[in-house]
Amino acid sequence: MKSSTFGTMKSKNLKTVVALQVDGRTAKVRIVDYIGESYYGTDSATIRELVDEALSQGISEAVVYINSRGGSVIEANEIVNQLKRFTSVKIEVGALAASAATYITSKFYTVAHANSQFMFHLPSVSSYGDVNQLASDLKLLQNITDDYVNAYAQKTQQSKEDIEALLAKGDVWMTASEAQSQGFIDEIIEDDLQASYEDITLLTASGAPQIPNIQTTIPKTKEMERTRLLAVIAALGMAMDATDEAIAQRIEALKSKEQDYDTLKASVDKMQNERIEALLNGAIASKKIDAKEKEVYAKLAANDFESTQQILNGMQAVPKLSAHLGGSAEGGNRKAWTLEDYMDKDPEALERLYKENPEAAADLEKVYFKK
């Protein structure tokens, strides 16, 4: 019976796809490039979603294609836990299974192409902090290392001492034939895997000693992607060989700083607006400026608060004409003031009255001289 696909699931991106097939009831999973990166769909959360969907449709077997330079040891461990929910799992290695990817291959029946390559080394973790934190991280690393040694020993049927001696050499590269002879994989597919541009890039980035010698032209889209990537790395102030994880961490750190800056700027802007509002309201209340002029002075204060403040502080209150003719003041209602009242109580007001309302001043003089 010819295989036919009755359902297709995709992860959060297009690089990981699960196809469910009728004949073998098989889920096909791709784990490509960095393990533990949600962008690639190779994080354990994405794999869990794919397994959930497969099991919900009665799919109990899986073939997992791996072409990876490794990645997070914790994510690789959890991916193994999720894949174990299937009753049967077979791993197919593409051009490369390195570092954390080999932990996954150690847990399941694994086949590889004749030109597949493998790299094994001791696990590593990043650590930062005081002596207590470093001691804690060291214990974690010891636990992970023991787990890897046990997994490799069980897969290869070698002693843990032999595995430890192998890993003590640093990065250990093996061909598919060498990996099979030592028990790291179970079967070799004799036909070579046709290397793609992605495979060459992946092997080069991993420092593989043997790179397939193929004549390939990098597509323009790939050249553009590489140019953009290098531009981004340079803008982040990072080395050109920075890992995806390091780049992601740098971007998150910059996002956090940007959010902190935005919060601080909003707070400073609020304080400045409150200062301007208080300054102008005070100037209006003291009759130094009219309310209609507030917007003009607000723009001046926004550009140069200190200078605007000095200008307003040096201004005199603008007197109203009614202050000379009436209204409340020391000495009572000025409408009832005589010329003698002005001379005794407010000579300056009398002087202003002569200038601003000479007719009213003349009337006061007439009353005074009639006495």
### Rounded distance (nearest 0.5 Å) linking atom OG1 of Thr110 with atom NZ of Lys90
10.5 Å
### Ile185 with Val63, same ILVMFWY side-chain cluster at under 4.5 Å
no
### Query
Side-chain heavy atoms under 4.5 angstrom apart, residues restricted to Ile, Leu, Val, Met, Phe, Trp, Tyr: same cluster for Met315 and Ile284?
yes
### Query
Using 30° and 60° as the class limits, which term best fits the ring planes of Tyr152 and Phe120: parallel, tilted or perpendicular?
perpendicular
### Query
With a 4.5 Å heavy-atom cut-off, do Ile144 and Leu140 have their side chains touching?
yes
### Asn81 side chain near Asn77 side chain, heavy-atom distance below 4.5 Å
yes
### Task
Please answer whether the main-chain N or O of Asp304 pairs with a side-chain N or O of Thr308 as donor and acceptor at a distance below 3.5 Å.
yes
### Query
Looking only at heavy atoms, which two atoms of Phe118 and Ala112 are closest? And how far apart?
CZ-CB, 3.7 Å
### Task
For Leu141 and Ser124, work out which heavy atoms get closest and say how close.
CD1-CA, 3.8 Å
### Query
Of all residues at least two apart in sequence or in a different chain, which pass the ring pair (Phe, Tyr, Trp, His ring centres under 6.0 Å) check with Tyr103?
Tyr148
### Query
Leu167 and Leu138: same hydrophobic cluster, using ILVMFWY side-chain contacts below 4.5 Å?
no
### With Glu252 via salt bridge (charged side-chain N to carboxylate O under 4.0 Å, His left out) - residues at least two apart
Lys255
### Query
So, do Ser177 and Gln180 sit near enough that their side-chain heavy atoms are less than 4.5 Å apart?
no
### Nearest atoms (heavy-atom pairs only) where Thr102 meets Met119
CG2-O, 3.5 Å
### Query
Do the non-hydrogen side-chain atoms of Ser99 and His121 ever get within less than 4.5 Å of each other?
yes
### Any donor-acceptor N/O pair, Gln158 side chain to Gln182 backbone, under 3.5 Å
yes
### Message
For Val51 versus Phe86, what's the shortest heavy-atom pair and its separation?
### Response
CG2-CE1, 3.7 Å
### Message
Closer than 3.5 angstrom, by distance alone: can the side chain of Asp33 be matched with the main-chain N or O of Ser68 as a donor-acceptor pair?
### Response
no
#### Entry: Side-chain (Asn150) to main-chain (Asp146) donor-acceptor, under 3.5 angstrom
yes
### Query
Taking NZ, NE, NH1 and NH2 as the nitrogens, is one of them in Asp186 or Lys155 under 4.0 Å from a carboxylate oxygen of the other?
yes
### Task
Tell me whether Phe305 is reachable from Ile311 by hopping between hydrophobic residues (I, L, V, M, F, W, Y) whose side-chain heavy atoms are closer than 4.5 Å.
yes
### Query
Taking 4.0 angstrom as the limit, do Glu277 and Lys270 come out as a salt bridge?
no
### side-chain contact (heavy atoms from CB on, under 4.5 Å) evaluation trace for Gln133 with Asp130
CA-CA 5 Å; Gln133 183 61 52; Asp130 57 25; 3.5 Å; yes
### Message
Using side-chain heavy atoms (C-beta onward) and a distance below 4.5 Å, is Lys265 in contact with Asp269?
### Response
yes
### Task
Could you tell me the separation between the OG atom of Ser60 and the CZ atom of Arg85, rounded to the nearest 0.5 Å?
13.0 Å
### Query
If you count the non-hydrogen atoms of other residues, nucleotides and ligands that lie under 6.0 Å from NZ in Lys294, is the total more than 12?
yes
